[in-house]
Amino acid sequence: MELAKAYNPKDVEDRIYEFWEKNGYFKPESQIYLNPDEKQFVITIPPPNVTGTLHMGHALTAATEDLMTRYHRMKGARTLWVPGTDHAGIATQAVVEKKLAKEGKHRRDMSRSDFIEEVWAWKEYSHGVITNQSKKLGISVDWNREAFTMDENLSLAVRTAFKRMYDKGLIYRDTRMVNWDPVQLTGVSDLEAITEDEGEPGHLWHVRYPIQTNRWEGPRHAWGSGQWAEGASHFITVATTRPETILGDSAVMVHPDDERYTDLIGCRAILPVLGRWTPIICDEAVQKDFGSGAVKVTPAHDFTDYEVGKRHHLQFIEVLDQHAKMNAEAGPYVGLDRFECRKRLVKDLEKEGLLVKTEDYQVRLARGERSGAVIEPRISMQWFCNMKDMAARAAAAARPDADDKKAITIVPERFEKVWFQWLDNIRDWNISRQLWWGHQIPVWYVAEGSESSQGSEGSNVKNVANLSNLQNRPSQYCELTELEAYAKARADWGDDVTLVQDTDVLDTWFSSGLWPFSTLGWPKETPDMAQYYPTTMLETGYDIIFFWVARMVMMGLELTGKVPFDTIYLHGLIRENDGKKMSKSRPEKAVDPLDMIDAYGCDALRFYLITAGAPGNDIKVEVKTVDGKKQVERIEGARNFANKLWNAARFVLGKVESSSSSESAERYEPANLANQWITARANETILNVRRLMDEYQYGEAGRLIYEFTWNDFCDWYVELAKLDFDRETAEVTVRTLDTILRLLHPFMPFITEELWQKLREVASSKFKLGSLDYPALILAPFPQTNSFSERMSEEESRSVELIVKTQMHILQEVITQIRIVRSEYKLTPDKKIAATISTAIGPDAELLKLHFEAICVLARVDSSQLVIGQLLPAPDKVVSVQMGSRWLYLPMAGLVDLAAEKKRLSDELAALEQAIVKGENLLNSDFGKRAPTNVIEKEKAKLVDAQQKIGQLKERLASM
RNA sequence: GGGCAUGUAGCUCAGUUGGUUAGAGUACCGCAUUGACAUUGCGGGGGUCACAGGUUCGAUCCCUGUCAUGCCCACCA
């Protein structure tokens, strides 16, 4: 069998992926090894947006979920991982509009259906890109069950969900203040209005409004004349960051307890520019100590003021249109953009002597998540979802019930707090968007005739069907299809009725909220729904816990009556060197996962991502740029690990292939120490890895496998095996490699599958290994501990393993100590040295004699000059190393400096004596009285050990 | 304003029920290149576990406070 000298992922990855996919190994129906004790494992992928390409966050998601999926599949759980993509309404529409703009086209010049057709075409293309990239990441999803949020069935799911919630009164339409994005011309939810904590540089303008008095009833000169406020004697000063909204003011308010203004309450302030009077009112919403303590109130353009306006029955005066331009109410500023208007208004205020001062101020601006445009609070008619009860149930699902069991477990646990905090303070969800791409709201209105128009975008349908309201007949119908809507409407209105569908679409997260069940066929009662719902695991980044996870739980409970999954595992975010979230807007620091795969291989990238941190913790990717190429040292380290494994396997396969033995032993029962030891260590590793994996400690599990593979298997075991590669050793080597490959498969699927296939080819005819009886590693069982000897119970096995590990430790220590001295004396490996090992008592001598050759080879000792025996006297001029009850004497080819050696030993002696003093003090302190017995015993044992060493050291020094 | 997380070796990070000598990778230093692998081997140096208190026989770990950093939520104009 020919294996390349170094592992080349490019020769392997695509071929192996195709092998898995062609054979249908990702499907639950293909699983051969099924363990009836394992609960089935079902997970749905967080559907990537069809807006572009995958980034490092997706790679982390893929690595984590594929790890989980492969692990459960190998454990014998019936396992399904459902893939899919999200139509991502607002994001996709923005991308396509941008693309059209480059071609000189604009959405508003197209019909809705033509535009949607463009988006579909683009979606097809983008979907292909994403699918290819997903395959590069190695995800073992069942592609036959792939879903898209706008597939026919998933759209039916959306309409069904909407109708059920509508009929129940959970979904309603209302006119209220929403976050308005004046660039994308749609309302967005609270979660999509992003506010930076530190705010943005801006100004706080202090403006004084004249107060109406008997002598001065209002301006006598035109605005801009510079004499507008002439004659006014009293003023009230307010502070604002948005002076243009002055035009929409309908009150000035102060705090009821603010004595400075008591006299002014009830007076009239005259609004700059328009000269309209507004009342001065009092309300608790005012912070006395901010600014002047008086606030302007703009009920139509500010959330707080909206509430104040309702409380005090103020006028709601809109001065901004949907593009955030000043409308006719703005008097002289009509038609101006809000920011232009602000500039001019400030100038004019100054001219009129009404600008008291201008302060620099960090303004906490809300910006649209996608457009980046400054959000303009605006009153509009939208669809809302009442979240209160749904949120209460979702919160309860994560709280322990009477039996102390939680319907949903959140990992890591700390995210429970955020979960409860958000759900317990939930507000209604604005679910309508004034977009074209998405699920159009399944509500039809009775039109005033077929010519009834829906108006242009951004406008709501409030003008339609007002007439019908008066006639005591339903004016709107929520149905699954237009046909059904017409059927209902005709019954009420007669055959001539014309219906017009609501033009809005639903927030993209509405359909995402149905994902775990809509992908399985809901609302239809499909076999998949019956078999795989509720699902098991929801894995995603913690940044979308509210957007997505909470809504899935709420909608799952509402619509299916069940929690959609029992575990939520949240991973961290990918960050740059400086801790900022990695994004394409800073390309010099951003890392493309495909570049990393190209440079290091998919397995290396994945192993890195899994072992880079702990659950829920962010991962900082340290990027270096060398010769224009981005490098990540830790991925390089993972690549080296893959290569190490590759070469270890190359060695094993070569040895096994050339070994003549073909008969497997009756029993598997290794007799030699190295074989016993590696078996013991494999068992230990298997136990720990299984435990850690079941506790979601994937990083720790990966590190254990790394350590076992490199340190134990490659550095010690294989080196020892080389000495005498007999039949038993061949079998143990094959078994151990098989174990490593199976343990590592969920972490590094490609290289392990490739090597395992080769191992099976070479070894399955020579050894009886049940684990090799599978067509592919992906379907093979995850390792179980082997009983150490088939005649022993597990328990006996473990205790023998302990002895074996102790023995091996002695051998390792002897070899290591010789190496250390060699290194101190700077001996080159070609220089073989003499060594005497003096053992005090017991079987030590036998053990070491048995491994005479190992010591000679691994520690570079001259076999004719290695002496092992009981209580041998020290030769002259040697370095002496004490190891427990053993002494190691190394003449070092006459290089030993006796004086230095004496000093070394006395230093050691001094250190030991110090340790004794410390230990005795410790035992004589309260520690000796209060610490648990086993801890005290340990300390005492240490003391005894040290005392013994001191005695020996003294003897040795005396003899020198 | 409320909340969460992080602070451990030059760098990136582990350290899950507190046990007295704190680990890994990488970088660094020394030695070694026909013998599975230089994407390597062998050896080495490097940390008052942010700081200050407290609980405890004992604290990187638990509690309180401080500082620094990152993030989330909330209508301070």
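Just so it is clear, the values below take in all heavy atoms, side chains as well, and ignore hydrogens, waters and symmetry mates. Per chain, numbering begins at 1; letters A, B, ... match sequence-line order.
- Distance from the side chain of Q421(A) is smallest for G2(B) among the nucleotides G2(B), U39(B), G19(B).
- In terms of polar N and O atoms assigned as donor or acceptor, the side chain of E633(A) never comes within less than 3.5 Å of the base of U12(B) in a complementary pairing.
- Ion pairing between E200(A) and R364(A) fails under the 4.0 Å rule for side-chain N and carboxylate O.
- Among the heavy atoms of the strands, none lies under 4.0 Å from F420(A).
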Throw together a table of side-chain donor-acceptor distances under 3.5 angstrom for residues 704-716 of chain A, partners on residues two or more places apart or in other chains.
| from | atom 1 | to | atom 2 | distance (Å) |
| --- | --- | --- | --- | --- |
| T709(A) | OG1 | I705(A) | O | 2.7 |
| D712(A) | OD2 | R681(A) | NE | 2.6 |
| D712(A) | OD2 | R681(A) | NH2 | 2.6 |

query = What do the steps show when you test E307(A) against R311(A) for salt bridge (charged side-chain N to carboxylate O under 4.0 Å, His left out), and what is the final call?
reply = CA-CA 6 Å; E307(A) 295 302 322; R311(A) 275 202 291 277; 5.2 Å; no
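- Residue R639(A) is classed as a base contact, given a heavy-atom separation below 4.0 Å to a base.
- Proximity note for K644(A) (side chain, C-beta onward) versus G41(B), U39(B), C72(B): the nearest is G41(B).
- For U26(B), the base has no donor-acceptor partner in the side chain of R634(A) [N/O atoms by modelled type, under 3.5 angstrom].
- Per the geometry, CG belonging to L423(A) stands 13 Å off P belonging to C73(B), to the nearest Å.
- Here G15(B) is the nucleotide among G15(B), A36(B), U40(B) with the atom lying nearest to any side-chain atom of Q697(A).
- Within 4.0 Å (heavy atoms only), K918(A) reaches sugar-phosphate atoms of the nucleic acid but no base atom.
- Scanning atom types as modelled, no donor and acceptor separated by under 3.5 angstrom connect the side chain of E622(A) and the base of A27(B).
- A search for side chain to side chain donor-acceptor pair (under 3.5 Å) contacts involving E576(A) returns R586(A), not counting sequence neighbours.
- Residue contacts for D715(A): at a heavy-atom cut-off of 4.0 Å it reaches the sugar-phosphate backbone alone, with no base atom in range.
- A612(A) comes within 4.0 angstrom of the backbone, heavy atoms only, and of no base.
- Between C75(B), G15(B), A36(B), one nucleotide has an atom nearer to the side chain of E700(A) than all others, and that is G15(B).
- Regarding contacts with the backbone of G3(B), every side-chain N or O of W422(A) stays at 4.0 angstrom or more from both OP1 and OP2.
- Among the protein residues, G613(A) comes within range of the sugar-phosphate backbone only, with heavy atoms under 4.0 Å from sugar or phosphate atoms but none that close to a base.
- Here R427(A) lies in heavy-atom contact (under 4.0 Å) with sugar-phosphate atoms only.
- Classification of E633(A) and K624(A) as a salt-bridged pair holds, one side-chain N sitting under 4.0 Å from a carboxylate O.
- Set against C37(B), C71(B), C76(B), the side chain of R575(A) has C71(B) as its closest nucleotide.
- Within the 4.0 angstrom heavy-atom criterion, base atoms lie near V286(A).
- Y608(A) has its ring centre no less than 6.0 Å from the ring centre of Y600(A).
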remark   = For RNA chain B, the expected dot-bracket line (Watson-Crick or G-U under 3.5 Å, [ ] crossing, | inter-strand) is (((((((..((((.....[...)))).(((((.......))))).....(((((..]....))))))))))))....
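- Here Y706(A) lies in heavy-atom contact (under 4.0 Å) with sugar-phosphate atoms only.
- The base of C37(B) has none of its N or O atoms less than 3.5 Å from a complementary donor or acceptor on the side chain of K5(A).
- Among the protein residues, P377(A) comes within range of no part of the nucleic acid, since none of its heavy atoms lies under 4.0 Å from any strand.
- Partners of T625(A) under the side chain to side chain donor-acceptor pair (under 3.5 Å) rule, at least two apart in sequence or in another chain, do not exist in this structure.
- Closest contact between the side chain of N617(A) and the listed nucleotides A14(B), A77(B), A36(B) involves A14(B).
- The residue K620(A) sits close only to the backbone: its heavy atoms come under 4.0 Å of sugar-phosphate atoms, none of a base.
- Cation-pi contact between K831(A) and Y825(A): absent, since separation from the ring centre below 6.0 Å together with deviation from the ring axis within 45° is not met.
- Taking N425(A) as the reference, nothing meets the side chain to side chain donor-acceptor pair (under 3.5 Å) condition, with sequence neighbours excluded.
- For the segment residues 815-823 of chain A, the set of residues with a heavy atom within less than 4.0 Å of an atom of RNA chain B comprises T816(A), R819(A), I820(A), S823(A), in numerical order.
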